[in-house]
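What follows is a single structure, written as structure tokens, with notes after it.
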Amino acid sequence: MSIQSGPQAPAPHIPTELPAPRGAAGTARTVLRVTTLAACVPYLSLKIAWIAGSRIGIPEGSALRQDGNSLMALNLLTVLMDAAVIVLAFLLTRPWGQRVPAWLLALPMWCATGLIAPILVVFPVQSLAAALRDGAGGSGGSGGSPDALLAPWVWSVVYSGFIVQGLALGTLFVLYARERWGHLWRGRLGTLPPGPTRSARRLTAGAVAVLSLLPAAVHLLWASGSTAGLNPARAAAMDLDARLNDAGYVLFAVLTAAGALTLAHGRGRRVPLLLPLAATWIGAGALACWGGWMTLTTLTVTAADPKLPTPLMSLTYAVQMIVGMLVAVAGAHFFAEREAARCA
């Protein structure tokens with residue numbers, strides 16, 4: 001037997017996903033998605049050609065012609081990585097993408113940001129430096145000698161494609177994240193409540209800042225032209241492009257430490273919360289993902305190989321990955337706490 005106090009009001013309808021953008025917004029996202037997909041074509045075409053046995057763009061004396069099975073495995077992995085960009089482009093622009101768990105989207109986007117950010121920052125500087133030096137467009141890698149790793153045009157085509165991918169996919173992610181999670185980063189640092197994890201955030205930020213000193217110092221050493229702590233292969237390839245690469249990692253280490261400390265201690269009360277969040281996201285992603293990639297590519301290197309990383313190189317890459325993991329875990333707790341406070 002039930003007791004009713006009166007007519008029951010209909011339950012409110014809670015949408016499970018945001019409506020698909022229409023009009024100009026929908027058109028802009030479609031254009032960005034198509035642009036992202038088109039930018040993937042050159043890289044995927046080259047990789048598939050190499051997997052099939054072609055040596056297009058690989059000079060006769062290149063070490064890539066002797067890498068055998070390890071090169072095949074890396075080519076397959078990078079094809080999967082670029083294919084993930086295609087999946088992300090659809091996920092960020094289709095209604096079903098709103099139902100994807102947050103971590104399942106944020107993690108690959110963080111990795112994509114980390115891998116592409118150094119290319120976005122460093123490659124244009126390398127090209128400008130080469131143009132000033134040689135009076136023509138430079139490349140992001142070795143020159144056109146027979147023993148170069150890749151032909152100059154390969155670096156230009158591939159890295160230009162990565163830049164377009166990064167800009168288009170990054171814009172799509174910002175639009176998506178603003179609609180789904182924009183409430184989590186609105187406001188200024190001065191409006192952040194103390195929160196139960198404030199002490200833990202400060203401790204983690206301190207650890208991140210201290211650990212970031214190692215990759216910052218080591219990459220700064222290499223950016224200055226020193227070959228201390230480098231293996232023979234890296235030391236022989238130390239040119240202006242390599243030094244600019246290392247300078248880029250110094251920048252990302254500084255961004256990571258500055259962003260983490262700013263968030264933890266709330267310095268600059270009028271600073272928008274988004275700025276230190278973006279700095280930490282990009283900086284930690286670049287350090288962690290490239291540290292992981294450099295480690296992965298040397299797992300099959302033998303002890304007699306000149307590409308075997310030295311202890312300092314391995315330590316630097318490992319610390320970069322640790323910094324990234326600390327930031328990722330702290331960031332997940334930070335956003336979970338913000339969401340819980342909002343719901344409360």
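Everything numeric here is computed off the predicted structure, so don't read it as measured data. No hydrogens, no waters, no symmetry mates; every other heavy atom, side chains included, goes into these values.
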Tell me whether [X] shares a hydrophobic cluster with [Y], the cluster being built from Ile, Leu, Val, Met, Phe, Trp, Tyr side chains joined at under 4.5 Å.
| X | Y | answer |
| --- | --- | --- |
| Leu91 | Leu80 | no |
| Phe162 | Val157 | yes |
| Ile116 | Val164 | no |
| Leu214 | Val210 | no |
| Met321 | Val323 | no |

Flag the pair [X] / [Y] as yes when at least one side-chain heavy-atom distance between them is below 4.5 Å, and no otherwise.
| X | Y | result |
| --- | --- | --- |
| Arg133 | Leu240 | yes |
| Ser160 | Phe123 | yes |
| Phe252 | Val121 | yes |
| Asp246 | Met238 | yes |
| Met109 | Leu92 | yes |
| Arg186 | Leu273 | no |
| Ile163 | Pro124 | yes |
| Tyr43 | Val79 | no |

Looking at every heavy atom in both [X] and [Y], which two are closest together, and how far apart are they?
| X | Y | result |
| --- | --- | --- |
| Ala279 | Gly259 | CB-CA, 4.5 Å |
| Leu312 | Gly229 | CD2-CA, 3.9 Å |
| Ala216 | Ala253 | CB-CB, 3.8 Å |
| Ala89 | Leu172 | O-CD1, 4.3 Å |
| Arg201 | Phe334 | CD-CD1, 3.8 Å |
| Thr204 | Ala330 | CG2-CB, 3.8 Å |

Keeping the roles fixed (side chain from [X], backbone from [Y]), state whether a donor-acceptor pair exists under 3.5 Å.
| X | Y | result |
| --- | --- | --- |
| Tyr249 | Trp290 | no |
| Thr310 | Met313 | yes |
| Trp50 | Ile56 | yes |
| Arg338 | Leu184 | yes |
| Ser314 | Pro311 | no |

Could you measure the distance from the [atom1] atom of [X] to the [atom2] atom of [Y]? Nearest 0.5 Å is fine.
| X | Y | atom1 | atom2 | result |
| --- | --- | --- | --- | --- |
| Leu71 | Thr297 | CG | OG1 | 11.5 Å |
| Ser127 | Leu244 | OG | CG | 10.5 Å |
| Leu120 | Leu115 | CG | CG | 11.5 Å |
| Ile282 | Leu287 | CD1 | CG | 12.0 Å |
| Thr36 | Leu169 | OG1 | CG | 5.5 Å |
| Leu88 | Phe173 | CG | CZ | 9.5 Å |

Please walk me through it: do Leu150 and Val158 pass side chain to side chain contact (heavy atoms under 4.5 Å, CB included)? CA-CA 11 Å; Leu150 290 170; Val158 169; over 6 Å; no

Before you tell me yes or no, could you show the steps for Leu175 and Glu179 under side chain to side chain contact (heavy atoms under 4.5 Å, CB included), namely the whole-Å CA-CA distance, both residues' side-chain angles and the distance that decides it to 0.1 Å? CA-CA 7 Å; Leu175 295 173; Glu179 291 182 350; 5.9 Å; no

Other residues, nucleotides, ligands: >12 heavy atoms within 6.0 Å of Leu299 CG: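 More than 12 heavy atoms, drawn from other residues, nucleotides or ligands, come within 6.0 Å of this atom.
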
Mind checking whether Trp293 and Tyr317 have ring centres under 6.0 Å apart?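 No, the ring centres sit 6.0 Å or more apart.
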
For the rings on Trp281 and Phe335, is their centre-to-centre separation under 6.0 Å?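 Centroid distance Trp281-Phe335: not below 6.0 Å, so no.
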
Partner set under side chain to side chain donor-acceptor pair (under 3.5 Å) for Asn75, not counting sequence neighbours: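 Only Lys47 meet the side chain to side chain donor-acceptor pair (under 3.5 Å) criterion with Asn75.
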
Residues which pass side chain to side chain contact (heavy atoms under 4.5 Å, CB included) with Ala233, listed by chain and number, not counting sequence neighbours: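 Only Asn231, Pro306, Lys307 meet the side chain to side chain contact (heavy atoms under 4.5 Å, CB included) criterion with Ala233.
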
Plane angle bin for Trp222 and His219 - parallel if under 30°, tilted between 30 and 60°, otherwise perpendicular: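 Perpendicular.
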
